[in-house]
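For reference, the structure discussed in these notes is given below.
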Amino acid sequence: MLSFRILHKDPNSLGREGVITTSRGLIKTPVFMPVGTAGTVKAVPHEFLEEMNTPIILGNTYHLYLRPGTGIIEKFGGLHNFISWNRPILTDSGGFQVFSHRKLRKLNENGVEFKSHLDGSTHFLSPEKSIEIQEILGSDIIMAFDECTPYPVSKPEAEDSMLLSMRWAQRCSESWKNRNSQTLFGIVQGGMFVDLRKQSIEKLEEIDLPGMALGGFSVGEPKNIMYEILEELGGYLPVEKPHYLMGVGTPVDIVQSVLRGIDMFDCVLPTRNARNGMLFTWNGPVRIKNAIHSMDDSPLDPKCGCPVCSRYSRAYLRHLFISGEILSYTLNSIHNLHFYSALMAKIRENIKAGTLNRFSQKLLESYQEEI
RNA sequence: GGAGGGGUGGCAGAGUGGUCAAAUGCAACGGGCUGUAAACCCGUCGACGUUACGUCUACGUAGGUUCGAAUCCUACCCCCUCCA
């Protein structure tokens, strides 16, 4: 069971501040959900996620199904018990792997045959199978199995793909059994075509799932296309349901999307970039391996209250990264996730205060991006 | 004292007459990463000219052979191994 309540609306935009209630805890929105594909937010112990008030993390159906396999997770009574995380979990359906592993799979009306990237074995994922796996995982929010459309695609291709995803969403809904303990979100597709996207929203509204996700963005399209489409879709999404923009994004992407009515985000960026030495600060990105930091005894971000910034110098963080020390990945990830967590808290405060536009402007200056 | 092996770009290490400003790895420097096949990937890396490209200086030192030398010859300097 999941309920969504909007507490405040930004007077100057479609931004909303609210709360999602699940049986495993509250989720203040707008929220950023760290990605923990294989049952771990890479390099970060759960304790740190809890300390920085991470309300919910992601898991991935495809990856967990391949390894460790549903048998093991079922024996533990679900993913929460297996990984020892008792806050909410959202699992992606495997739809993103239809995109990211597109050279290793064959798609037909019934579903997708994947050739495992681990051992070459073949596995068939259908809407029903994805839901069945997600029921075994026991995640609080489960996602419809969709085809994440690549970019670029022609309009007919985008339409076919969207209609397929909508038929699959219907099948997901029909096979969704644990309606009391798990909540199913539908996923809007339609490539970069606004009319297809609107059509997709309408079809999902007919199925009437409790949450509305937008998929198929940040797949290589030019920077501003997504903002423009969100702009058009903002007023079109069902107001009373949470809006989840999948796989997005940069700090600027997130604020820009909140302004256009998005409530939920996930992205590998803070964790992957952390492991690759790119750190987010309130003054913009820092590439910690750059020579300029080699003697710098100041903290990564003096405005950041995270355990890393309160204790370690830039010079030390650089040394750890350059040396390939394991601790580097952990400290960098903790910092970046803390930054994202603080970013979302600020976004919520600014919605309450009606100052989200000003906040957005400030962030743009730090990240020197153009809208 | 005798016998043998070797000195190549920051390091390791290929190359043994022209296609060599010199493979490859590491280091260094810069960049990328958006529902995670990512502790990954890409670029630069002798100097000078913005770049295509050109010029110059370079494979221990000094000479030589050759149209042409990191590669062949001579001398010298240094290092390593084995034997006494």
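Just so we're on the same page: letters track the sequence lines, and every chain starts at 1. None of these values were measured; they are calculated from a predicted model. Side chains included, hydrogens not; waters and symmetry mates left out as well; all remaining heavy atoms used.
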Query raised in the report: In chain order, what residues pass the ring-ring contact (aromatic ring centres under 6.0 Å, His included) check against Phe114(A), with sequence neighbours excluded?
Result: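 For Phe114(A) the ring-ring contact (aromatic ring centres under 6.0 Å, His included) partners, ignoring immediate neighbours, are Tyr62(A).
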Query raised in the report: With a distance cut-off below 6.0 Å to the six-membered ring centre and an angular limit of 45° from the axis, does Lys346(A) pair with Trp282(A) as a cation-pi contact?
Result: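 That pair qualifies as a cation-pi contact.
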**Report entry** Geometric cation-pi criterion, Arg318(A) with Phe321(A): 6.0 Å, 45°
**Finding:** no
Selection: [range], any non-hydrogen atom under 4.0 Å of RNA chain B:
range: residues 50-67 of chain A; result: Leu58(A), Asn60(A), His63(A)
range: residues 137-163 of chain A; result: Asp146(A), Cys148(A)
range: residues 19-29 of chain A; result: none

When the distance from [atom1] of [X] to [atom2] of [N] is rounded to whole Å, what number comes out?
X: Tyr244(A); N: U34(B); atom1: OH; atom2: C1'; answer: 12 Å
X: Asp92(A); N: U36(B); atom1: CG; atom2: C1'; answer: 11 Å
X: Arg275(A); N: G32(B); atom1: CZ; atom2: P; answer: 18 Å
X: Asn224(A); N: U34(B); atom1: CG; atom2: P; answer: 17 Å
X: Leu279(A); N: A39(B); atom1: CG; atom2: P; answer: 16 Å
X: Phe99(A); N: A37(B); atom1: CZ; atom2: C1'; answer: 13 Å
X: Phe114(A); N: A37(B); atom1: CZ; atom2: P; answer: 10 Å
X: Ile322(A); N: A27(B); atom1: CD1; atom2: P; answer: 9 Å

Counting the atoms with a prime plus P, OP1 and OP2 as sugar-phosphate, which does [X] contact under 4.0 Å by heavy atoms, base, sugar-phosphate, or nothing?
X: Glu325(A); value: nothing
X: Asp266(A); value: sugar-phosphate
X: Met33(A); value: nothing
X: Arg105(A); value: nothing
X: Thr271(A); value: base
X: Gly36(A); value: nothing
X: Ile187(A); value: base
X: Glu221(A); value: nothing

Requested in this report: For residues Leu7(A) and Lys352(A), determine if any side-chain heavy atom of one lies less than 4.5 Å from a side-chain heavy atom of the other.
Outcome: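 Heavy-atom side-chain distance check fails, nothing below 4.5 Å.
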Which value, in whole Å, describes the distance between the [atom1] atoms of nucleotides [N] and [M]?
N: C59(B); M: C11(B); atom1: P; value: 15 Å
N: A69(B); M: U19(B); atom1: P; value: 11 Å
N: A84(B); M: G18(B); atom1: P; value: 43 Å
N: U50(B); M: U55(B); atom1: C1'; value: 15 Å

Shortest non-hydrogen contact from [X] to [Y]?
X: Leu237(A); Y: Met212(A); answer: CD2-CG, 3.8 Å
X: Ile83(A); Y: His46(A); answer: O-NE2, 2.8 Å
X: Pro55(A); Y: Val31(A); answer: CG-CG2, 3.6 Å
X: Ile187(A); Y: Met166(A); answer: O-CE, 3.2 Å

Query raised in the report: Parallel, tilted or perpendicular: which fits the ring planes of Tyr367(A) and Phe339(A), with parallel below 30° and perpendicular above 60°?
Result: tilted
Requested in this report: Describe, in one word, how the ring planes of Trp168(A) and Phe145(A) are oriented to each other, choosing from parallel (under 30°), tilted (30 to 60°) and perpendicular (over 60°).
Outcome: parallel
Query - Listed partners of Glu132(A) passing side-chain contact (heavy atoms from CB on, under 4.5 Å), at least two apart - result: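 Partners of Glu132(A) by the side-chain contact (heavy atoms from CB on, under 4.5 Å) criterion, ordered by chain and then number, come out as Lys129(A).
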Look for any protein N or O under 3.5 Å of an N or O in nucleotides 41-46 of chain B and output each such pair with its distance, or none.
none

**Report entry** Charged N-O contact under 4.0 Å between Asp263(A) and Arg16(A)
**Finding:**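 Result for this pair is yes, salt bridge flagged.
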Can you tell me the Watson-Crick or wobble partner of [N], both distances under 3.5 angstrom?
N: A3(B); answer: U81(B)
N: G43(B); answer: C29(B)
N: C48(B); answer: G54(B)

Query raised in the report: Does a sphere of radius 6.0 Å around NZ in Lys198(A) hold more than 12 heavy atoms from other residues, nucleotides or ligands, not counting ones at 6.0 Å or beyond?
Result: yes
Requested in this report: Establish, from distance only, whether the side-chain atoms of Asn350(A) and Thr355(A) form a donor-acceptor pair under 3.5 Å.
Outcome: yes
Query raised in the report: Given Lys241(A) and Asp208(A), is the salt bridge (charged side-chain N to carboxylate O under 4.0 Å, His left out) satisfied, shown in steps?
Result: CA-CA 10 Å; Lys241(A) 291 178 184 177; Asp208(A) 194 26; 2.8 Å; yes
Query raised in the report: Can any side-chain N or O of Asn178(A) pair as donor or acceptor with the backbone N or O of Ser181(A) at less than 3.5 Å?
Result: no
Query raised in the report: When you check the phosphate oxygens OP1 and OP2 of G31(B), does a side-chain N or O of Asn290(A) lie under 4.0 Å from one of them?
Result: yes
